[in-house]
Amino acid sequence: MAQAVEEWYKQMPIITRSYLTAAVVTTVGCSLEIISPYNLYLNPTLVVKQYQFWRLVTNFLYFRKMDLDFLFHMFFLARYCKLLEENSFRGKTADFLYMLLFGATVLTGIVLVGGMIPYLSVSFSKIIFLSNSLTFMMVYVWSKQNPYIHMSFLGLFTFTAAYLPWVLLGFSILVGASAWGDFLGMIAGHAYYFLAFVYPRMTARHPLKTPSFLKALFADEPVVIARPEDVRFAHVPFDEIHQD
């Protein structure tokens with residue numbers, strides 16, 4: 001069993017494995033009181049005035065309590081993040097990382113702007129961790145990329161993947177969980193899908209072109225074809241080279 005889990009973990013693509021590891025380590029560390037969540041949550045005042053820039057990252061790593069909701073989001077992260085990186089972004093690791101960075105930026109921007117809008121500021125001020133939202137964004141993008149796959153929800157009913165985000169959103173409401181985080185993830189996912197896939201087909205423009213420095217981090221390794229030592233290649237006759 002342990003060996004099977006180890007093989008499953010090693011076979012994960014690099015971005016999925018790194019994010020899943022960081023999320024589990026952070027959440028477990030907070031549960032064991034090794035790490036304090038008060039040092040991780042998104043606080044614009046502390047970011048700007050005390051230069052605690054790490055909060056812009058750490059708020060995407062903590063998934064609150066280790067309960068059923070945590071297990072659900074770990075499943076979503078391990079499954080849909082992996083499916084995206086292995087299929088839609090196969091051989092495009094830099095593009096996949098850029099998608100996550102774009103989503104994190106959009107989500108952070110929504111929370112910051114929403115916190116300045118009257119009547120909405122109270123709701124947005126309660127959103128101090130965006131890990132669930134970023135995970136839900138991946139689910140949304142995957143569903144848009146694979147809309148015709150048939151799925152089943154707890155064996156109760158079947159639907160196509162295009163409706164997966166709405167089914168999960170409805171489930172969150174039914175169990176009494178806050179749907180704000182999931183809804184924000186849908187907004188970020190739709191913004192990315194439109195700018196990365198729909199808008200380029202409409203205008204032939206690519207507003208979300210991955211920066212060159214990210215591509216340099218995940219540059220493709222050159223393919224080297226080994227030449228057997230015992231194989232000799234005959235020279236092309238001189239008269240054939242100059243033949244019309």
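If you're wondering where the values come from, they're calculated on a predicted model, not measured in any experiment.
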* For residues 92-117, which residue pairs qualify under ring pair (Phe, Tyr, Trp, His ring centres under 6.0 Å), counting only residues two or more places apart or in two chains? ->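 Non-adjacent pairs meeting ring pair (Phe, Tyr, Trp, His ring centres under 6.0 Å): Phe89-Phe96, Phe102-Tyr192.
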For [range], which residue pairs qualify under salt bridge (charged side-chain N to carboxylate O under 4.0 Å, His left out), counting only residues two or more places apart or in two chains?
| range | value |
| --- | --- |
| residues 114-143 | none |
| residues 80-90 | Lys82-Glu86 |
| residues 91-110 | Asp95-Lys215 |

Given the rule that I, L, V, M, F, W and Y join up when any side-chain heavy atoms are under 4.5 Å apart, are [X] and [Y] in one cluster?
| X | Y | answer |
| --- | --- | --- |
| Tyr51 | Val48 | no |
| Leu77 | Val25 | no |
| Val57 | Phe213 | no |
| Leu84 | Trp8 | yes |
| Ile14 | Met12 | yes |

Please tabulate, for side-chain N and O atoms in residues 131-139, each donor-acceptor pair with protein atoms closer than 3.5 Å (sequence neighbours left out).
from	atom 1	to	atom 2	distance (Å)
Ser131	OG	Tyr62	O	2.6
Ser133	OG	Gly181	O	2.7
Thr135	OG1	Ser131	O	3.0

With sequence neighbours excluded, what pairs up with [X] under the ring-ring contact (aromatic ring centres under 6.0 Å, His included) test?
| X | answer |
| --- | --- |
| Phe157 | Phe153, Phe159 |
| Tyr163 | none |
| Tyr41 | none |

Could you tell me which residues satisfy side chain to side chain contact (heavy atoms under 4.5 Å, CB included) with Phe194, sequence neighbours excluded, listed by chain and number?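 Expected list: Val198, Tyr199, Met202.
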Hits for side chain to side chain contact (heavy atoms under 4.5 Å, CB included) against Ala162, two or more places apart or cross-chain, chain-then-number order -> Pro147, Thr160
Practice item. Quick one: do Leu42 and Leu56 satisfy side-chain contact (heavy atoms from CB on, under 4.5 Å)? Show the steps, please. Key: CA-CA 6 Å; Leu42 180 61; Leu56 298 174; 3.9 Å; yes
The reported gap from OG1 in Thr45 to CZ in Arg55 (rounded to nearest 0.5 angstrom) is 10.5 Å
From CG (Asp182) to CD1 (Ile187), nearest 0.5 Å:
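The distance works out to 11.5 Å.
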Just wondering, more than 12 heavy atoms not from Trp166 lying within 6.0 Å of its CH2?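 Check fails, neighbour count at 12 or below.
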Margin query: More than 12 heavy atoms of other residues, nucleotides or ligands under 6.0 Å from CZ of Phe183: yes or no?
Written below: no
Of all the heavy-atom pairs spanning [X] and [Y], show the shortest one and how long it is.
| X | Y | answer |
| --- | --- | --- |
| Thr26 | Leu40 | CG2-CD1, 3.6 Å |
| Ser143 | Ala161 | CB-O, 3.0 Å |
| Phe63 | Thr27 | N-OG1, 3.2 Å |
| Ala78 | Leu20 | CB-CD2, 4.3 Å |
| Asn39 | Thr58 | O-OG1, 4.3 Å |

**Message:** Test of understanding: with salt bridge (charged side-chain N to carboxylate O under 4.0 Å, His left out), list the residues that count as partners of Lys10, not counting sequence neighbours.
**Reply:**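 With sequence neighbours excluded, Lys10 shows a salt bridge (charged side-chain N to carboxylate O under 4.0 Å, His left out) to Glu6, given in chain and number order.
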Intermediate values then yes/no, side-chain contact (heavy atoms from CB on, under 4.5 Å), Val141 and Met99:
CA-CA 10 Å; Val141 173; Met99 182 198 78; 4.2 Å; yes
Side chain of [X], backbone of [Y]: donor and acceptor closer than 3.5 Å?
| X | Y | answer |
| --- | --- | --- |
| Asn146 | Ile149 | no |
| Thr21 | Arg17 | yes |
| Asn59 | Leu130 | yes |

| side-chain contact (heavy atoms from CB on, under 4.5 Å) evaluation trace for Ile128 with Asn43 | CA-CA 7 Å; Ile128 56 179; Asn43 187 318; over 6 Å; no
If you look only at distance, which donor and acceptor atoms sit under 3.5 Å apart when one is on a side chain in residues 104-115 and the other is two or more places apart or in another chain?
from	atom 1	to	atom 2	distance (Å)
Thr105	OG1	Leu101	O	2.8
Thr108	OG1	Ala104	O	2.8

Practice item. Walk me through it: do Lys144 and Phe197 pass the test side-chain contact (heavy atoms from CB on, under 4.5 Å)? Key: CA-CA 10 Å; Lys144 298 294 288 185; Phe197 299 103; over 6 Å; no
request  = For the pair Tyr140 and His190, name the ring-plane relationship: parallel under 30°, tilted 30 to 60°, perpendicular over 60°.
outcome  = perpendicular
